[in-house]
Structure formats: structure tokens, C-alpha cells
Amino acid sequence: MLTFTIRRLVLSIPTLLIIALVIFLLLQLAPGDPMAQVPLTVPPEVKEKMREALGLGQPLHVQFLKWLVQVFWIEPKVFIDWLTRESWLLGWLPDTALYQGELRVISWQTRSPVMDIVVQRLPQTLWVVGMAYVVGILIAIPIGIYSAYRQYSIFDQAGTFVTMIGFSIPPFFTGPLLIVIFSVQLGWFPFIYDTTHVVNDWDSFVYQLRQMIMPVMVLALQTTAQISRFMRASVLDNLNQDYVRTARAKGLSEAVVVMIHVLRNSMIPVITVIALGVPGIFGGAIITEVVFSVNGIGQLLITALFANDLPMVQTLTFIFAVLIVLFNLIADLLYGVLDPRIRYD
Amino acid sequence: ERGEDGELSILYWQAPSILTPYLSGGTKDLESSSMIIEPLGRYDEKGNLVPYLAAEIPTVENGGVSEDLTSITWKLKEGLLWSDGTPVTSEDVVFTAEYCMHPEGGCAQLAKFEGVQSVEALDELTVKVTFNEPKPFPYGPFMGAQSPIIQKAQFAECLGPKAPECTEANFGPIGTGPFVVDEFKPNDVIQMSANPHYRDPNKPAFATVTFKGGGDATGAGRAVLETGEFDYAWNLQLAPDVLAKMEAAGKGVLEIGFGTLVERIMLNMTNADPSLPEGERSTAKHPHPFLSDPAVRQALSMAIDRVLLTEVGYGQAGRPTCDLVPAPAIYESGDTSCHEQDIEGAKALLDEAGWVDSDGDGVRDKDGVKLSILYQTSTNAVRQDFQALIKQWWSEIGIETELRNVNASVFFGGDPGSPDTFQKFYADVQMYANNFDGTDPEAYMAAQTCGKAPRPESQWQGENISRICVPEYDEMVAELGRTGDLNERAELVKKLQAMIINDGYMILPLVDRGRVSARSVTLGGVVLNTWDSELWNVADWHRID
Amino acid sequence: MLDQPIARIENLRVEFQTKDGPVLGVEDVSFSVNPGETVCIVGESGSGKSVSSLSLMRLVEFGGGEIAGGRLLFDRKDGGEIDLVKTDQSLMRTIRGNEIGMIFQEPMTALNPVFTVGRQLTEGLRLHRGLSKQQARARALELLRQVRIPEPERRLQQYPHELSGGMRQRVVIAMALACEPRLLIADEPTTALDVTIQAEILALMDRLKRETGTAVMFITHDMAVVAQMADRVVVMFRGNKVEEGTVEEIFETPQHDYTKALLAAVPKLGEMRGKAAPEPMRLLGVETHDTGPILGSDEPLLKVRNLTTRFAVKAGFFRRTVANVHAVEDVSFTLNKGRTLSLVGESGCGKSTAGRSILRLVEPQAGHVELGGVDVMALDTDGLRRARADMQMVFQDPFASLNPQMQLLDQVAEPLRNYGRTNRRELHDRVAALFDRVELPRSFMRRYPHELSGGQRQRVAIARALALNPKLIVADEAVSALDVSVQAQVLNLMMELQAELGLSYVFISHDMAVVERVSHDVGVMYLGRIVELGPRQAVFEDPQHPYTQALMKAVPIADPRRRKSERDLNFKPIPSPIHPVGYTPAPSEYNEVSPGHFVLTTDSGY
Amino acid sequence: MTDPTPDKITPIAALQDTAPLRPPRSQWRDVWDQLKHHKGAMLGGGFLLFVTLAVLFGELIWQLDPKKLDIRNKDIRPIFSAIWDSAAKVDWAHPLGTDNLGRDHLAQILAGGRASMAVGWAAMLLTMLIGTTIGVLAGFFRRLDGPLMRFTDLVLSLPILPLMLVAVTLFRQPLRANFGPETGMFILIVGVIGVTSWMQTARIVRGDILALKEREFVLAARASGTTARNIIFRHLLPNVLSPIMVSATLGLATAIITESALSFLGVGFPSDFPTWGKMLADAVPRMQEFPERVMLPGIMISVTVLSVNYLGDGLRDALDPRIRGR
Ligand SMILES: Nc1ncnc2c1ncn2[C@@H]1O[C@H](COP(=O)(O)OP(=O)(O)OP(=O)(O)O)[C@@H](O)[C@H]1O
Ligand SMILES: Nc1ncnc2c1ncn2[C@@H]1O[C@H](COP(=O)(O)OP(=O)(O)OP(=O)(O)O)[C@@H](O)[C@H]1O
Ligand SMILES: [Mg+2]
Ligand SMILES: [Mg+2]
Ligand code: NI
């Protein structure tokens, strides 16, 4: 398993380099200009000067190499410094001070290091998008199990119906709908997400829950729709297996048979599907984040795209690619861990 | 009493990304930073100049501006302190100029410093700005939200190419404004608190400010007008019926102010036919096959019902206009002839000019040229409604229209590689809004001169989007540059306008767009200003119960 | 029948609700099981054996079945007799696994793959006996020892897939025995296993029954096993009981026609004693083509010399080959036209690989294969494709080897199309002729595999193999998955075809009785090598190699008077065929004990 | 002691195969017969047929031009809102009302449906084509597996918006010249959606092919001289049909929604070209006053997706001879 992991990790490096290059070229090819949001009152000569100051005039390979060095060499140094300085994990180590003030990946919009902003965005992304994923899964799994156990029952039919509806309605509709109902009409929840909110006591926790609940609901609907379908199919497969009959022949109760014997087996393919969805959390939820002003990674990406902030877009997309490759690997490894029949070597 | 009104919450649906306007130039960044750093003087809601850090506005009369119009001398108020407690001196002003004028800095407000020869500190509080040539309007530098004073001590290390590396300074400039930054999350939120060293000890009334960014205009409107979660929301570009419905909830009121922003249709004077070789499309080499005919242009204008457009798209936040410079009042032409839609007149005009539907397909033509228009604009709900309406009217007078909408970031971006930028203008007509900074339209008028047309040689940069090339116009613009007297200048501007717009129909102004913001009913002191930052008087804002 | 029976099944009727209406699983079955007795239930596939036993556990309900009539009387431990049909499921749960234990057909799938053996063993114990974790573990160990699993402590931590098939089946048996049930139902516990392992399991069950006095209901379709195990026999046919009696009665004086037919179809080891050439079985009720012995010719068709096939085991960072599975090691033989050479041996000894290597469906490492003068090893891809027209293969699993999504007509026509015959009419006629040849109705051409019975499917597979008029057919376990009666028909068919068309077969099987019936020559394989090769008569009547001798002993004989005892068996587990890269095995050398009868002298690992 | 022997059992019958009794039928008749019994599929298919016919031929019956503005008749409510709100402004000339510029809603739903359905089907077909091809190649040819799967990772991480912008820049002009502005944009959108959403299908197909490849019938086909190409087309593809159908039903929904999201973000069809997704997006700000404007396109999208899903379920069952036989 270890060699397998290391092998896959090493092999993923060239893959990632190619991905980085393709993304880079794509973004270069894409029309757009970081000056698009500068008002028209600013004359073109000034805009030209600003572009130069951003390094836009440099040849492509120079820009790409610079970015590579920054991402693969300088940013890790900053990260290690941070680890040994502040984190609770490695803070006890002597401070490394590897970073000597070299130029990091700088966003064109904010003129600040991209990674700092990404770190700033993580909490709300994880709270909202991550929580929605978790909630979605927690709802989907029981639905999936029960639908399969009572295949073709009313519950199963209704489940199919509702999940397909949930799947087919876009979030730019469900979002405002919830806002109109719960914020405007009923006044229950705030809908402008407060990213500065600190949870330190019960009340602030309740507030956090209230401000999260609507975006989480919108996003969870989609997750639930997909995962419950997978879960249902997987449980159906397993319910017909011989070992289920064996378990029943031992006199085990239905609850034990389904929740222990069947569930464990059914979860194997589902968990890998879930793992493959995790990079999506990091990718954020563009439309939902905008609708609720969550300002997570998704909103960062879309504003950077519209502002043509190439270093930001490039870095975000690349991190996303890294996560995709990584979670592909994790999904494979999980398969091996969960299913004792599979062994990687 | 400073700080007695607690918290102020402001919502900008486009989030500020940096707090130094010199590095960004985006409106959202200018406005947010205007709460923190201030210029020597600002424009008020009527476009008058008012001193901020300066003791008074220098003029020829008070001797602040030299007779020959080549220099201006500013005097700072006494006893001004930065928010860190150090005194503001003329050195800071000089440094600000140095910072922006650094050749490698890529300063976004360089235009403000155009023609500046030198900036020198005469003493602790006096600064003299000398220009290369006489400047009839010398209030470019240090005036308005675009050109605030930054602290030398803080930015001394950030000159030129180093500017982007000073993240800390860019995210938390030390200023003289009513608030200081506590925390800035770019593109998300700014937390501010009252500046302890603000020059008026009783202001600001609010102790803290949460300046939230992000979301969309609809959400922003709802948050102020319908749920009252926020006190102030900026730039609510929403359909008038939607806004009216929101306002009816009674939690907030709309604030509307008019400035120089005009939604217009630019007609392409050159041929954008895709069959032309690349590099010759939309250039002076090929005049437009039918838009070079004034009758067609006039007919296009006559067919448009500007009153209806305004009603549908902007409601009270817009006014139909026939002018490119609808304000300040002295420049207004008073021409309202275009307000009346005249379909029949337009038809007659076209008939007369020989444009008739000779092949019976409902589209007029002449000499094998069909009146078939490609009409592009940026993606935006109101503009799409406008497109649909105008297409309909034009079809009524026998002109066929193909609509295209382009993503705003591409449309307004200057990427010479993209065929869809407004500068390239690979279409027959296009629609967007533009305005000018401050109150002086000279540069704005000068932009329509022949030499400023975007061309391949200029990397498609240039402000004469319509590719207007009228020699008399160019001459008159030069004359404007030499004229100092305000009234004479106004006359000239009106003539210029008439030449290409009121009579020339090369640009079809549609709507004078006001700014619409919303404030909570409990927020007092808001004076919407379109000449400067909307938050220009945030120090005076207070809570009313 | 003096004492009170443990279980009595009276007029059982079970229906399944399907989309097309009710299907009868069991129509009318009555029999009883007495304490300490082994009742064997026989019958061919689909006759309702499993359904009867599942009804007794009230597990049919979970498969969509419904007990539509009859009574299932069960004598509980504490005396009372209850009707299981009327018992509710919660009470059933205290009976299942506790008073009635059940062993299932497939050891491979009957265990939950993601839980350790220990956990699955102790589950029932803790539930029914209320044992603590330690106690349950102790009992589990004891059980594993009882079923003679080596290293029981280690096994408890292992997952099912880490055990061999035989061991897995023993775990299943241990599980069924855990709570010392009074009735043990064994549903084809050995069908999927090798002869050697089967022999061991049967012996084990016999011993357990004697030691604990449990009543056993043993379900099988293998008459040889019945002969070995049963006290009494119940014969089922299409959902009905057709005959019941003691084992001797059934075997010696069968009453019912079906029973007679069944017995006639069973090949018995030793039947061919004294005959040199194979001959078709005489089946009841099927008009025989009376072909007599099939002699074959002396003209060599297939020559295999020093065939060696290894599978690389890759590991480590660079995925370098670190070891090889020596699946076929230096195998040589010659097959004459019109004759059958059988390869026999235990599972994993390399029979299939040898067969596939000859057709180059797997690439051999070394060796020489010559078919009718063509050097198969030297052919390029295209040449090989053409050469395959002369050599075809029939696979073990008649269901798996047919594409479930294709009509049979297309499947049989496929080889013809591959070799350029595309005229639709011609194709159709040819396929129809092939269907006639294998005695399938022509109307079947438009059917799908699932619409056929196992035997019919295997005939389709044979028809497909015959389509190109090959000279050689490699039949890899071609009859192993079939019912005895069907198996007999397919075997007869193959022999008739051989007689008529002069086909040669490489017949791969682990069933010694079948091999005895069909072969001219026999090669016994062990660990990749042929340990003994020679004319069938010589090898079967005079086995020389110790492995061959052990194998012959393990074969159950369909004769209740010739039961084997556990003492006769002495099998060692097969050593691993995996060797590190540098390992060079010694070449195979043979000693010719009689003309054409070779015995390996090199160390075979046995 | 034993039961009396039933007469019908003769030894001949005993050893004969239990042959299924039904006469053979043609394959497609079978599929149809099976499909007919699937209630969901019939309902779904019926609705789909209805919608397709409606969007194709509806304009012949309802002849109002969806692009025609009639500003005086703007904001008319649908006829049924008169039931609960007698003051509502309704007009039989516009049974589903009009929008804020007075365009007839019914005509727009019809025209929008044509665009949405076309995008949905075309993008879905393209997705399936690419996904299946890549999945089959990766699963069948060992050597291609690694590179193709890495390629999948690559496409997964590509952001769709810049891709769309690049595509617009590069291809809009030639497509417009050859196909006209609307069809050109249609091809572009379908292309981009297709190119960015095949990955899930590819993964699933690859997994199934890997498993199928080891099945004996593939070996049997190889043994009887079938070429790799024919193995793929005759044996493997029909057997992965079922997972492909599942992805296809989801793919259709995703395509319709992606198109609307692209419109929402401003890179979709020309503004006067209605699609259901765009109608929905445009109506969201006014959903309190005019709920029908969001409900109608929303319901159309959902119900279409549901119908496709049910039809897919039914077809999957019908196409599988194993299930069909039951
Ligand atoms: N779940 C089910 N649904 C429908 N019919 C079933 C089901 N299970 C069994 N049957 C039918 O019941 C009959 C008896 O099946 P059963 O499994 O008892 O056969 P068997 O004698 O055990 O055969 P084998 O030797 O193949 O195990 C068969 O005709 C079968 O088709
Ligand atoms: N593709 C393969 N890769 C690696 N090892 C293999 C492969 N195929 C077979 N083997 C190994 O080769 C050996 C011989 O296998 P083979 O299938 O030929 O046995 P067999 O005699 O046919 O057994 P059975 O009776 O179970 O079919 C076994 O150890 C098996 O694990
Ligand atoms: Mg059975
Ligand atoms: Mg084998
Ligand atoms: Ni009796």
C-alpha cells in the first residue's frame, strides 16, 4: 500500500505539471484583461502602464516558469515557516525562516499573496460547502438504504421523485426562493453571510447555524440527490448477496443484517464516490456563494475570473487539480482499506 | 459624540479588493478607501469643490492658482494628524505625487497627474504643483476620491515596482479619514472603527463599520430595503419595478443622484464586416457601408423611444437624454428633440435617402447594401431589455438587427486578442455607459478626436470608439484646450456635442443614468454624491430613530 | 422411525410472486428428518431442493417467496413441537442459527467479505448464547479446531478471501454448528469444491454428525456424494418428491423412472475398467446413436513440447517483476486425431492455463506447439487469428461464456463472420445446421442465453466451437457446472461428434469419473507439471505417481456399499507455485513404465 | 411410504431440458413489449413526446412571436391566476401571461423549450459519445488506461468559464459565418458542455469494461477469432448500455442546467433567444410578484428531467434481455 501510494504520488507530479501548463495556456488564450474593471474614465495609456506593472508583457514561458517556481518552491517555504512558527502541530520545532522575501504568487486584484487569501477563504468554504456536503450525505445515506430495502414502495418512489427534482432545479432559483421565504417573509434567518463572525459561545454558535442554514440547504439538496441514488443502487446489489442470507440464517435481526452486514459492504463504492466529490468542496459553490454572499473560494474564483486575475485563477484551478488527483488516489486507497479483498502493492 | 451610534453596516455587492486607489482604480476600491484616506479637496453633491485636508480651495481669485494657469498652491489645514497620531505634512502630499508618478508603479490615477511638472513642498503645510503648460482646470492632483493623500512613512518603501509587495500598507493605509481599518479581507469584508485622531472630535458618530462586499445587486437591495440587515447598499442596478417593490417594504429608502453617466449607443463609422481581412475591420480604411449615411443614423435615433426605455430600465433613476454631457448644468444643451419617438418620420427619412425595401424581405436596402445591424453590448439584464426593445423599433422602420451580448469582463477588457472588446468594435452598433471624472468634460470631448480611434497599430487602445473623424471637431477641441473662461468653454462643449451628437447622430445617447443606493430608514446624514465617492461625507452619517 | 422426528415437512407448497405471475418453487413435498439421521435430498437443478430447506428456515420470504400451504413441524429443544409456518419472525430468529443451522451452497459468497472470520463466527454465539466476547472467542476457536482448520488463532483475524475455498467452507460449517443446532441443513456444501477438498469436508461432516448426534438434511445433486453420506434419500423432481427410501433401496432398486434415469446418467469411477476406448453412456429414454467405442487414429495432430507459462508478479516502486507464478511448467504431450486427452488435477494446478497457452490466449514463456503441421508459436497476430479457425475452445461456465446481450444466432455465427462469411442466408443455414447438429431446436436461434437451461447453453457453446470445423477443441471444464443428466447428454454429444467428425479434444476436468468415461489419454497435473501421462486405462488402473494415487482415492463412488473413511485421505496443501525471478525449475523427466505411460521422476513438489 | 408417482413424469421428459415455451420474437418487439409494462417509462415517454411535439410544432398552433414585444400588454398574469385573484390582469390572448416587456409567455416557453431540449439532447449525446469512447479505450487497452485517466483528471480540473470564453473567441466567428448566429452559438454551447461533462461517464464505463473484459465470453470471442474492434462493438458496448443510460439521464439534466448557468453568468445564447434556463434566471428577481414566471420554466425543466429519468429506467430494463425475459 505504501509503495503504491508513493508510486502514484510520484507519477502524479508530471501529470500535475501538464495540467498546470494546460490551464496556463487556456487562461492565456482566454480573452479578457485585468483592466476590465477599471473605469472607462481611466485613459488607455495609463491602463497600458498598469498592465506592464503587472508583468503582462513578459513572454509566456517566462511567466509560466516564474509561476512554477513561486508555487512549487517559494509558497512551500512560506508554508513550512508558518508550520514551525504558529501551527499547533509543529509549532514546537525551531522556526525555520526559509522564506527570504522572494516574490510570492501575487493576485492582480488585491496585490497580495494569493495563498493568504485562499487561507482566509477556507473557513467559510468549509463551514458552508463542507457542511452542506456532510449534511447532504447524512440525509442521503438513510434515504438510500431505506429506498433500497423497500424497493418500489411509496417511500422509494417519492424519494426518486424528490431527488430528481432537487437535481434538476438550479441553485440560482432555490437560493432566492429560500431567501424570499425565510428571510423576507418570515424573517427567520439572515441571508448575508457574516464571515467575520466568531463562534465563542452558545449564542454565537446559534447565530452561525442560522446564517449557514439556507446556503447549506441549497447545496445539500444536490448532494443528497446524487448520493442517495448511488447508495440505493449499492444497497440493492448487496441485499441479494448470499452472505445476507447467511447472516439471516444465524438468526440476526433485520436491523443488524441491514445496518451492519449490508451497510458496510454498500458503503465501499459510495465512500469512493464521496471521496471523489471532496475536491468539489474546495472548488466552492459559485452560484450559491454569490447568492448568499458567502465569499468562499467559489466567489473568489468567479470574481477573479471576471476581473481576469490570472495568477489567482491559475493558482486556484491548480490547487483544485491537485485535490482532484489527490482524492482520486485517496478514493483508490479507501477502496483498498475498506475492502479487504483489494490489496495494492 | 464620536462613536455613540455604535455600528454602521454597509453593503457593496462588488467587494473591494484593495484599499489604495492608486493600485486599482475600481470604483468599489475608491469608495471603500474614501472612508480611510482623504484628498485635499472633494466635489460635493452639486459638483462644487470643497476643501478637506486643504484649508481652502485655491483659485485664481484667492491667488492659489497662478495667473498663467501653470501652477497651483495648496495649503493644508493646521493640526491634522494621521490615524497613528503623527502630523500630516506637505511632505506626505509630495510623496503621494511621487508615488503615483513613479514610471514603474503602474499607478491607476496617473491621468490625474497628467501635465504635472513638479510637486514641491514650500513649507510644512504648503505644496505647489507646477504644470508643463497652462491648465485651465488645475484640480487634477489631490482632488476627489481618485487622488487621496497617503502617508509617506507608511509607503516610503513601496515605490514603483515594489508597490504590490506592500500588502500590509495596501490593505490598511494610515489615513486622515473618519475610520481606520481594523481588518481587511480582500474581496470580502472590511472592519473599521472610528479614527481616534479624526480632525472633528465629535465625528464620526459610528464607533465601528462593517463594510461587507459580495453577493448580487438583488441581494443587496433586499438586505437594506426588505430585511434591514444592512444600513446602506450601493449601486442597485435593478429594474425599477423590482426596486419599487422592495422599497415598499418600508425598511429603507432609495437615494438617487444624477451625474454624467450616460447610457448610449455607439455607431460604428467604419466597416466591421468579418469578410474584411483581419487588421482592416473597423478601421478608417473602410467607412461603414450605411452608417456613414447621416440619414440612416438619424433614423436609428428617431426610432428609439427614450422615455419608454428609461421607464422600463431605470424608472426614477434615469432620465431620457439627447446629450453626451448631461451635467453640470452649464454644459447641458437643452435639446429634448430626441425624446419623442418618431417611427413614421424615420421611415420617411429613409425613404427619402433611397433606402427602400426593394426585395420585399422587410429589410431596407440600397445598392445591394442591406440595413442589417449587429448590435452588441455587455451582459446585463437591463441592457438586454434595451436591446430587445430597440431591435423591435428598428425592425419597425425596416432595419434588421442581430443581438449579441458579451461577458462584461471580456467586453470592457482591452485584450487585443479578443474580437469581442468594445474597443475593437467588431459590430455595427454597441451600447454601454460612460462618464467623466470630476466636472470638467474637456478630456471627455477630446476623446472623440480622429487620432484617438482604436487601431491595430495602437493595439486597439483608444477612446474614440465610434471612430469619429471630423476635422472641424478636432480643431474645436484644440480651441477648447486653449480657453480658460468657464462660460466660453461651456459654449464650445455644446457646439462640439451638437456636431457629433445632436446633429451628427454618431453617438446616440439614451439615458442619463443616476446612481441608486439604498439606505436604512434609521440612517441619517446620507447625501448621495455622484461627483465623488458616495461615502464622501460618511463622517456625518448618524443614526436616527 | 421409532422416535419422534425432529422436523416434519408436510405438503409444503411455496410460490414466488414474479412480474409474470406466481411461479411454483415447490409444489407438494413431505418428508421428515429423525434425530441422528442424514437425509439426502437429490434432484436436478431447479427441482426445489433449496427452496424446501429455506422454507424450513423461513428464509424464502426474503427472496420473495411465500409458503402457500403445508406445515413445517419442528421439535424444539425444550420439547414442544411448533409449526414454523405460523411462527412469527422474531421467534424464528431464536430458532435460526440456534436450533437449526444451515450451510450454504457457495463458500465463496456465503461469508461477508468485509468482516473477519472471528467476528462472523462469534456473532451468532453472542446473540443466542449471550456469551461475552472472550467466551465467544474461545468457543469459536474450539469450533475451528473441531472442523480441523490449521492455525485457528490466526484464522480468526483473517478475512474470508484470505482462506482457500475448502477452509472457507469449513468456516461456514463451523458457523452453522456454533450453537449446536439439533438440525443441520447443508445445501450443496461441496459442489463448488475440488474432489480432494470435497472428500475431506464430507468426512468431516460425517464425523461431526456421529459425535454430536445432530440430524442432517443434506442437499446435493451429486449421486456419488449421496452414496457416501446418506442414511435416507429423498428424490425431488420439479417441485415434487418422487421417491423416498434408504440409500441402499434407492441405489439398488430405484422405483421411479426419474430416479432410474438419474442413476443411469451418473458416471461411476471404475465403470470403464478394462475398456481401452471411451464410449458414450447409455441413457434412459434417449434414443442412443449406439456408436460403440471411439477408437481415434494414430496420426498426431497436436504436439506440445516443453510448454511453459508463467505469470509475472510485479511489485515495488518500478513495478518490476519480482516473482513468477509458474502456472505451466515444462509440459509436453502429443494428441492424435480423433482422440481425447484429458488433463486432470486439483484447482490451481495449471490445467486452464495449459489449455489457453495452446491456443495462445495467454502467451507462453517458452515451448513449442504444433497443430497439424503449423507452428502456432511462430504465428503473428493475423496468422494466429487464421490458425484459430482450426482450434476452438469451450469454457467451463456455460452462462459466463455466452454474451447475455446477444441472440444465440449471432453468437454462433460470430466465428463465421470473423472468418469472412457474411452472406446472411448462408450464415443462417449454417447456424441452423449447427443447431441441428447439437440437437437444439432451430427456434432457439432467436433466444438469449438466459432463456436456456445450462445444458442447452453448453450445447450452444459447443455449436459455436464447431462452427468453423476445427480440428481441435479445448474443452475447459466444459461439463463441470452441469447437472448429472445434462452432463451425460453433453458428454455423449461430444463423443458422438468426435466419432463422426474425427475431432480431437483436450478435455480439462477435475472430475475423475467423467474423465474416465471420455478419454483416450490422461495427463495428471500437479503444480504446473504433468506428473503422469498415458493411456487412460493404464493411468486409472495402475496409477504410479503418489499424487495420482491419492487423487484416485479421494473420488467418491456412487455406490453406498463402497464408502470411504476419513483415514483414506492424506492430502497436503498444494505448495505455492510462486517463485522468485531467478528460480529455474528442473526440467521434467519421465520414466516410461509401460508403452506410452510416463511417470514424472523430477521432484513435483508433492 | 413414498408418494404416488405423478403420471406425467416420464423418463424422457426427465432428462430433457426444461425448455422455455414462448415462441421467439423479434428483438425490438420484445423491447417494446417490456417497455409497455413500465408505467413510469410510459408516462415519462408520453410526456417527453408531448413536450417534443409541443416545442417543435407548437408555434404552428400558437403563432405569436416569442420575441415580439408588446409593451402596452406587459406583466399580464396567467389566466388561471384569475381564479384566486379576481383583480389580476389577465387576457385570453396571453393565456400564460406576458413578461416585463410584454412578450408572450406561452410562446416563449415553446421557443425556450426547443432550445433547451436541443441543447440538452445534443450535449448529452456528445457527452455520452466522448465519455463512452474514452471509458472503453481506457478500460480495454491497458496501455491507454493511465494516460486517458490522467487526461480525465486534467479535464476535470479545467474551469468551464474560461473554456467557454476561449471557445467563443476562437470559434464564434467561423460558426456564425457557416451556421448563422443562433445555430453557431448552439454548436458552441453544446460543444463546451459536452467537452466538460463526460468525465463521470468515462470513469463509470471504464470500471465496467475492466470487469467485463475478464468475463469468459470475451475470452470466448477472442478464441473464436474476433478482432478487438468487434469485441468492443459486439460484446462490450451492449453490456455497458445500462450505466451509460443512467449517466445519460443525469447528463441531460446537467446540460440543461449548465446552459442556464452559462446564461446566468453571461456567456450563453444571444439575449433575445429564450431558453428555459434563461427564462428561469431572468424571472428570479421578480419571483415574489410573478411566481408563475419562475414556476413554469422550472416545472418544465424538472418534469422533463424526471420523464427522461423514468424513460431511462424503463429502457434500461427493456434493453436487458435478462430482465426482459422475466
Ligand atoms: N427468488 C425466486 N424467485 C422466483 N423463483 C424462484 C426464486 N428462487 C427459486 N425460484 C424457483 O424455484 C424453483 C426451485 O428452486 P431451487 O433453488 O429450490 O432449486 P434447487 O433444487 O436448489 O436447484 P440447484 O441445484 O440449482 O440449487 C426453481 O424453479 C426456481 O426458478
Ligand atoms: N492471469 C493470471 N495472472 C496471474 N496468475 C494467474 C493468472 N491466471 C492463472 N494464474 C495462476 O496460475 C495458476 C494456474 O491457474 P489455472 O487457472 O491454470 O488453474 P486450473 O488448474 O485451471 O484451476 P481450476 O480448476 O481452479 O480452474 C494458479 O496459481 C493461478 O493463480
Ligand atoms: Mg439450490
Ligand atoms: Mg481452470
Ligand atoms: Ni415411513
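Remember, it's a predicted structure, so these values are computed and weren't measured experimentally. Chain letters run A, B, ... following the sequence lines, proteins first, then strands; residues in each count from 1.
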- In this structure, CZ of D:Phe217 is separated from CG of C:Asn403 (nearest 0.5 Å) by 4.5 Å

- Message: Does any backbone or side-chain atom of C:Phe31 lie under 4.5 Å from a heavy atom of chain D? Answer side chain, backbone, both or neither.
- Response: neither

- Heavy-atom neighbours of D:Phe141 CZ exceed 12 at 6.0 Å: yes

- Query: CG of C:Asp476 to CD of D:Glu216: how many Å apart, nearest 0.5 Å?
  - Reply: 7.0 Å

- Message: Please give me the minimum heavy-atom distance between D:Ala223 and C:Arg388, naming the atom from each residue.
- Response: O-CD, 3.5 Å

- For C:Asn418, does its backbone N or O pair with a side-chain atom of D:Asn230 as donor and acceptor, under 3.5 Å? no

- Message: Nearest 0.5 Å, please: how far is CE in C:Met406 from CZ in D:Arg234?
- Response: 6.0 Å

- Message: Let's go through D:Leu219 and C:Met393 carefully: what are the C-alpha distance in whole Å and the side-chain angles of both, what is the deciding distance for side-chain contact (heavy atoms from CB on, under 4.5 Å) to 0.1 Å, and is it a yes or a no?
- Response: CA-CA 9 Å; D:Leu219 198 66; C:Met393 191 146 177; 5.6 Å; no

- State the OG-CZ distance between D:Ser224 and C:Arg464, to the nearest 0.5 angstrom. 6.0 Å

- Approximate separation, where rounding is to 0.5 Å, of D:Thr226 OG1 and C:Arg385 CZ: 8.5 Å

- Query: What part of C:Arg417 lies closer than 4.5 angstrom to a heavy atom of chain D: side chain, backbone, both or neither?
  - Reply: side chain

- Reported NE2-to-CD distance for the pair D:His235 and C:Gln405, which is rounded to 0.5 angstrom: 12.0 Å

- In terms of heavy-atom pairs under 4.5 Å, which option from C:Leu402, C:Thr259, C:Val23, C:Asp483 contacts chain D the most? C:Leu402

